[in-house]
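Just below is one structure, and these are the notes that go with it.
This chain uses plain numbering: 1 for the first residue, then up along the sequence. All of these numbers come straight from a predicted model, not from anything done at the bench.
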Amino acid sequence: QVQLVESGGGSVQAGGSLRLSCAASRYTSSSYCVGWFRQAPGKEREGVSTIYSGTGSPNYADSVKGRFTISQDNTENTLFLQMNNLKPEDTAMYYCAVGFGPDRLCTMVTGVGWYNYWGQGTQVTVSS
């Protein structure tokens with residue numbers, strides 16, 4: 001079992017910044033993909049950004065490229081998402097997740113169903 005706990009959400013005005021954190025209890029394998037996802041009311045959960053344990057190469061949804069940065073502190077099993085220049089359309093519940101498998105699946109194309117463990121989420125609200 002892997003437990004994920006998100007934090008750092010909040011309410012900001014458009015143009016503001018937030019930094020999300022996701023603390024993992026442990027990873028049961030050294031080969032895994034971790035990522036951030038979000039779900040707005042009435043919409044499907046969508047991928048925001050992923051990063052693979054081995055390569056460290058990040059992937060981003062087109063809607064957040066240039067504004068969001070994913071990073072990882074491997075010593076603390078903590079995942080971060082720095083969100084700058086936030087827009088009202090970024091308003092959503094943000095979740096972190098981990099999936100155990102090859103790096104070729106650690107992309108924005110892979111569906112949310114592939115991920116093995118999820119956190120409870122942290123709310124981000126951006127006002128105009």
Side-chain angles (χ1 to χ4, degrees):
Q1 284 280 1
V2 178
Q3 293 181 327
L4 303 172
V5 180
E6 303 97 334
S7 62
S11 297
V12 296
Q13 290 190 328
S17 298
L18 285 173
R19 190 189 194 208
L20 305 183
S21 300
C22 172
S25 57
R26 64 187 183 96
Y27 293 120
T28 55
S29 168
S30 60
S31 300
Y32 58 87
C33 175
V34 288
W36 289 98
F37 302 78
R38 65 187 182 186
Q39 188 168 18
K43 295 188 176 181
E44 293 187 351
R45 192 168 298 188
E46 63 176 3
V48 175
S49 181
T50 64
I51 189 167
Y52 194 70
S53 59
T55 65
S57 298
N59 302 285
Y60 298 97
D62 289 342
S63 58
V64 306
K65 282 181 181 177
R67 300 188 298 122
F68 291 11
T69 303
I70 191 171
S71 62
Q72 194 175 12
D73 182 342
N74 291 326
T75 61
E76 298 290 335
N77 285 347
T78 304
L79 182 70
F80 302 99
L81 185 69
Q82 178 66 43
M83 306 187 294
N84 298 327
N85 191 22
L86 282 160
K87 304 176 180 181
E89 51 263 42
D90 294 319
T91 296
M93 184 71 79
Y94 282 71
Y95 301 88
C96 64
V98 60
F100 296 100
D103 58 355
R104 61 180 174 83
L105 294 179
C106 194
T107 69
M108 292 293 100
V109 177
T110 299
V112 297
W114 177 77
Y115 290 83
N116 303 106
Y117 298 97
W118 292 82
Q120 294 300 306
T122 185
Q123 178 68 39
V124 172
T125 303
V126 185
S127 58
S128 58

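Counting heavy atoms from C-beta on, the side chains of Ser29 and Phe100 come closer than 4.5 Å. Taking the side chain as every heavy atom from C-beta outward, Leu79 and Ile51 approach each other to under 4.5 Å. A 4.5 Å side-chain heavy-atom check between Thr69 and Leu81 finds every atom pair outside the cut-off. Looking at heavy atoms from C-beta onward, Arg38 lies in side-chain contact with Asp90 at the 4.5 angstrom threshold.
Looking only at distances, a side-chain donor or acceptor of Tyr60 sits under 3.5 Å from a matching main-chain atom of Ile70. Not a single donor-acceptor pair under 3.5 Å links the side chain of Thr125 to the backbone N or O of Ser11. The closest donor-acceptor contact from the side chain of Glu6 to the backbone of Gln120 lies under 3.5 Å. At least one donor-acceptor pair under 3.5 Å links the side chain of Thr50 to the backbone N or O of Cys106. In terms of modelled atom types and a separation under 3.5 Å, the side chain of Thr78 and the main chain of Asp73 share no donor-acceptor contact.
Pairing each heavy atom of Ser53 with each of Ser30, the nearest pair is OG-O, 2.8 Å. The shortest heavy-atom contact between Val98 and Leu4 is N-CD1, 3.9 Å. The two atoms that bring Gly101 and Tyr52 nearest to each other are O-OH, 2.7 Å, heavy atoms only. In this structure, Val126 and Thr91 approach most closely via the heavy-atom pair N-OG1, 2.9 Å. For Val124 against Met83, the heavy-atom pair with the smallest separation is CG2-CE, 3.8 Å. Of all heavy-atom pairs spanning Ala92 and Ala40, the tightest one is CB-N, 3.8 Å.
Classification of the Tyr32-Tyr27 ring pair by plane angle, with boundaries at 30° and 60°, yields parallel.
Annotation for Glu89: atom CD counts as buried by contact number, over 12 foreign heavy atoms lying within 6.0 Å.
For the atom pair CZ of Phe80 and OG of Ser49, the computed distance is 14.0 Å after rounding to the nearest 0.5 Å. From Ser127, atom OG reaches atom NZ of Lys87 across 15.5 Å, with rounding to the nearest 0.5 Å.
Residue pairs meeting the side-chain hydrogen bond (donor to acceptor under 3.5 Å, both in side chains) criterion with at least one member in residues 16-25, sequence neighbours excluded, are Ser17-Asn84.
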- Message: For a side chain to side chain contact (heavy atoms under 4.5 Å, CB included) check, start with the C-alpha distance between Val64 and Trp36, then their side-chain angles and the critical distance, and finish with the verdict.
- Response: CA-CA 12 Å; Val64 306; Trp36 289 98; over 6 Å; no
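Summarising the hydrophobic clusters (Ile, Leu, Val, Met, Phe, Trp, Tyr; side-chain heavy atoms under 4.5 Å, direct or chained), the residues clustered with Trp118 are Phe37, Met93, Tyr95, Leu105, Val112, Trp114, Tyr115.
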